[in-house]
Enquirer: 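Below are the structure tokens for one structure; questions will follow.
Atoms considered below: every heavy atom in the structure, side chains included; atoms not considered: hydrogens, waters and symmetry mates. The shown structure was predicted, so the numbers you read here are calculated from the model rather than taken from an experiment.
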There are 2 protein chains.
Amino acid sequence: MTETPAPAPGSRAAKPQQILNAARDLFLKEGFGATSMDAIAKRAGVSKATVYAHYTSKEELFAAMIDVECRRTWPELSTPYHGQTDPIEKIREVAQRYVRFIVGGYPVALLRTVAAEASRTPELGRVFYESAPGLGRLRFAELLQVAHARGVLDIPDPLHAADTFLAMLRGDIQLRCLVCMPLPSDEVITAHAKECAERFIRAYAPKASS
Amino acid sequence: MTETPAPAPGSRAAKPQQILNAARDLFLKEGFGATSMDAIAKRAGVSKATVYAHYTSKEELFAAMIDVECRRTWPELSTPYHGQTDPIEKIREVAQRYVRFIVGGYPVALLRTVAAEASRTPELGRVFYESAPGLGRLRFAELLQVAHARGVLDIPDPLHAADTFLAMLRGDIQLRCLVCMPLPSDEVITAHAKECAERFIRAYAPKASS
DNA sequence: GTCTATAAAGGGATAGAC
DNA sequence: GTCTATCCCTTTATAGAC
């Protein structure tokens, strides 16, 4: 959780950005209900009236923050697979990167905060899902599609297989992150990702071979 | 989400229970921050002072509600496996029951609400984890241990395998539940559980056979 | 656009009567 | 144990000067 202290020392024209950063830090740390517009204004180094000049309500500011953070945080998984490298190797690589991504502070805090607010603002949940995890699973399904086409794996339903693999990788870890339980060590996480990749490959191995 | 309308028509001596029910309905629906003690008192059909007579603070009432709901909602997964039936069949059965459990209104709302509060009250997250998902994975690992001992599966690390299987079953579904996205149909959910069970069995099949 | 000051409402928690 | 009434504080949102 990269803390952006308070009044950005740089360009004074970037007030909206300062406000968004402050909103992100506080909303993700304290939650929607527990964060006051006063606190956001103070952290951003502006007055409350200035905040309202840019975002007409607390909800709108929250939605804007979620939107910006989704676009900013997920570029890793959003880049399409071009098929040059070995799909199996690529799967192993994705496993490591995805697990590390999952345990990062921002993704956990974002999910937590969106989940908390989603029942009151379902639109928010949809925006979050489609611009983040929903996109990631589509990208990964593309990779599995290639593996299937080349015959190295047997995957009749790539989208479901993608969901299954990403879920395996989240495992117990994401749940523990969500409820603020201590995380496993880095070595354990690496071994977990490796184990998941190999089990997945076995589960979807072509029936002929092996 | 079984709504318990308002003042329980029955025994008038059960005020604490009425308060807990009201707290559950409102906390799980609106979240901790957005629920007022006034609203809880009104829904329970008592005065606010009575609420404070039983629970000294909003946080204490919240913790009591979580504790009660965990004990009430999870009996299914908490019953140990006694080893009479075929472990493989038992795994298929658990798959179906677990997925249906996961998409239930209460478990989703509980997780959502606890996750939202956990960063401010980590103790709450621990209590929830250990009395609910943490217990479930231990129970399932016991079943896998039996399958391993009988040689029908090859599972060197039953606890990790349990995490993996339960995670597969949660798949994309739990995430969608958390952010209030529409759920798949009952048929799709059944097929999902079945597919997960078979893939899991393949991933952990003994190397000799197959 | 930005500030200071304030209005208007609602929240958690308690006092005191019964 | 339970209620009514209230204190005191924080919150969202706005008015008006610059």
Enquirer: Looking only at side-chain N and O atoms, does Tyr98(B) offer a donor or acceptor that is under 3.5 Å from a partner on Arg170(B)?
Expert: yes
Enquirer: Among side-chain atoms of Thr56(B) and Glu60(B), is any donor-acceptor pair under 3.5 angstrom?
Expert: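 A donor-acceptor contact under 3.5 Å links the two side chains.
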Enquirer: Please state how far atom CD in Glu30(B) lies from atom C1' in dG11(C), giving the value in whole angstrom units.
Expert: 15 Å
Enquirer: Please determine whether a side-chain nitrogen of the Lys or Arg among Asp67(A) and Arg71(A) lies less than 4.0 Å from a carboxylate oxygen of the Asp or Glu.
Expert: yes
Enquirer: So Ser47(A), base contact, sugar-phosphate only, or nothing? Heavy-atom distance under 4.0 Å.
Expert: base
Enquirer: Polar-atom pairs under 3.5 Å, protein N or O versus N or O of nucleotides 13-15 of chain D: list them with distances, or write none.
Expert:
residue : atom : partner  : partner atom : Å
dA13(D) : OP2  : Tyr52(A) : OH           : 2.8
dA13(D) : N7   : Lys48(A) : NZ           : 3.4
dA13(D) : N6   : Lys48(A) : NZ           : 2.6

Enquirer: Pairs in or reaching into residues 170-191 of chain A: which pass ring-ring contact (aromatic ring centres under 6.0 Å, His included), with residues at least two apart or in two chains?
Expert: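 Qualifying pairs: none.
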Enquirer: Whole Å only: how far is the NE2 atom of His54(B) from the P atom of dA13(C)?
Expert: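 Between P of dA13(C) and NE2 of His54(B): 16 Å.
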Enquirer: Can Gln96(A) and Arg100(A) be counted as having a side-chain donor-acceptor contact under 3.5 angstrom?
Expert: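 Side-chain D/A pair, Gln96(A) to Arg100(A): present.
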Enquirer: Without decimals, in angstroms, what is the distance between Phe62(A) CZ and dT12(D) P?
Expert: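 Taking atom P of dT12(D) as the reference, CZ of Phe62(A) is at 14 Å.
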Enquirer: Is any side-chain heavy atom of Leu175(B) less than 4.5 Å from a side-chain heavy atom of Asp163(A)?
Expert: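 Counting from C-beta outward, Leu175(B) and Asp163(A) never come under 4.5 Å.
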Enquirer: May I have the distance from Ile19(A) (atom CD1) to dG1(C) (atom P), rounded to whole angstrom?
Expert: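 Rounded to the whole Å, the gap is 11 Å.
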Enquirer: Cation-pi between Arg120(A) and Phe32(A): NZ/CZ under 6.0 Å from ring centre and within 45° of the ring axis?
Expert: no
Enquirer: With heavy-atom distances below 4.5 Å as the criterion, would you say the side chains of Arg137(A) and Phe140(A) are in contact?
Expert: no
Enquirer: Please enumerate all protein N or O atoms sitting under 3.5 Å from an N or O of nucleotides 7-9 of chain D, with distances to 0.1 Å.
Expert:
none

Enquirer: In whole angstroms, how far is the C1' atom of dT12(D) from the CD1 atom of Ile40(A)?
Expert: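 Answer to the nearest Å: 12 Å.
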Enquirer: Atom CG of Leu26(B) to atom P of dG10(C): distance rounded to whole Å?
Expert: 17 Å
Enquirer: Indicate the atoms forming the closest heavy-atom contact of Pro156(B) with Arg199(A), along with that distance.
Expert: CD-NH2, 3.8 Å
Enquirer: Can you figure out which of dT12(D), dC3(C), dG12(C) approaches the side chain of Thr50(A) most closely?
Expert: dC3(C)
Enquirer: Between Gln18(A) (CD) and dT2(C) (P), how many Å, whole number?
Expert: 9 Å
